[in-house]
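As a basis for the values below, the full set of heavy atoms in this structure was taken, side chains included, without hydrogen atoms, waters or symmetry mates. Predicted, not measured: the structure shown is a model, and the values here were computed from it.
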Amino acid sequence: MRKLLDWLYSGSGVLAGIFLILIAALSLAQICGRLFGFDAYSFDDFAGFCMAASSFLGLAHTYRRNEQIRVAILVDRLSGGKRRALETLCLTASTFLIAYFAWYAFDMVWTSYQFNDMSQGLVAVPLWLPQSGMALGLAIMAIALLDDLIVLRAGGTPSYLVAERNKKIALSENL
């Protein structure tokens with residue numbers, strides 16, 4: 001199960017990276033299009049869709065590697081059982097909120113699909129397509145949070161603390 005979850009988190013990170021590359025390619029095509037008289041209609045719309053997908057699909061990947069901003073002012077001042085209890089509370093609240101957000105994101109995707117909502121640009125795109133990246137990214141983030149909550153409750157160390165410890169070790173070895 002661990003390999004499958006790690007593959008899921010890495011896969012979402014790879015997809016986020018692919019969408020970043022698509023943003024660069026679309027921007028470059030639009031710039032070249034202006035230079036050579038080619039009208040790149042709606043390329044900025046597609047780049048915006050890619051940006052949303054990249055942002056949300058990258059959530060779990062960056063979270064698992066402790067690359068997101070975490071406000072740990074209070075948590076870092078505690079140790080032992082108090083810290084574990086606060087970490088559990090934070091992970092429980094985060095899991096609930098992200099899962100709630102993911103649920104309604106999937107509802108939005110389904111509603112857009114049912115009503116055949118289309119984008120407003122020159123090239124009409126079914127809105128459920130770009131919205132799916134957001135919903136999928138949120139679902140994977142909810143899984144990552146639940147994964148860490150289960151690990152913490154089982155007495156293990158959450159991924160973000162493992163990544164933080166590994167960074168400190170790598171830094172000390174480089175000095």
For [X], does the [atom1] atom sit with more than 12 other heavy atoms under 6.0 Å from it, leaving out its own atoms?
| X | atom1 | value |
| --- | --- | --- |
| Q120 | CD | no |
| R2 | CZ | yes |
| I73 | CD1 | no |
| Y113 | OH | no |
| M108 | CE | yes |

So [Y] and [X], do their side chains get closer than 4.5 Å, heavy atoms only?
| X | Y | result |
| --- | --- | --- |
| H61 | E67 | no |
| L129 | F49 | no |
| L138 | M134 | yes |
| L57 | F19 | yes |
| V123 | F46 | yes |
| Y63 | S159 | yes |
| L145 | M141 | yes |
| L152 | L91 | yes |

Using modelled atom types only, decide if a donor and an acceptor are shared between the side chain of [X] and the backbone of [Y] within a distance under 3.5 Å.
| X | Y | result |
| --- | --- | --- |
| S54 | A16 | yes |
| S10 | W7 | no |
| S119 | V125 | yes |
| K82 | V75 | no |
| R153 | D148 | no |

Do [X] and [Y] belong together in a cluster built from hydrophobic side chains that touch within less than 4.5 Å?
| X | Y | value |
| --- | --- | --- |
| F101 | L59 | yes |
| V14 | L22 | yes |
| V151 | M1 | no |

Hey, could you give me the [atom1]/[atom2] distance between [X] and [Y], rounded to the nearest 0.5 Å?
| X | Y | atom1 | atom2 | result |
| --- | --- | --- | --- | --- |
| I21 | L28 | CD1 | CG | 13.0 Å |
| M118 | W128 | CE | CH2 | 11.0 Å |
| Q131 | D107 | CD | CG | 10.5 Å |
| L136 | L15 | CG | CG | 7.5 Å |
| K168 | S172 | NZ | OG | 10.5 Å |
| I18 | I23 | CD1 | CD1 | 12.5 Å |

What pair of heavy atoms forms the shortest contact from [X] to [Y], and how long is it?
| X | Y | value |
| --- | --- | --- |
| L122 | D45 | N-OD2, 4.4 Å |
| D147 | Y9 | OD2-OH, 2.9 Å |
| L149 | T88 | CD1-O, 3.8 Å |
| A163 | R64 | CB-O, 3.9 Å |
| K167 | R65 | NZ-O, 3.2 Å |
| G121 | S42 | C-OG, 4.1 Å |

**Prompt:** Between Y160 and E87, is any side-chain donor less than 3.5 angstrom from a side-chain acceptor?
**Reply:**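 On atom types as modelled, these side chains qualify, holding a pair under 3.5 Å.
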
**Asked** Should the pair F96 and Y100 be assigned to parallel (<30°), tilted (30 to 60°) or perpendicular (>60°) ring geometry?
**Response**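 Rings of F96 and Y100: parallel, as their planes differ by under 30°.
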
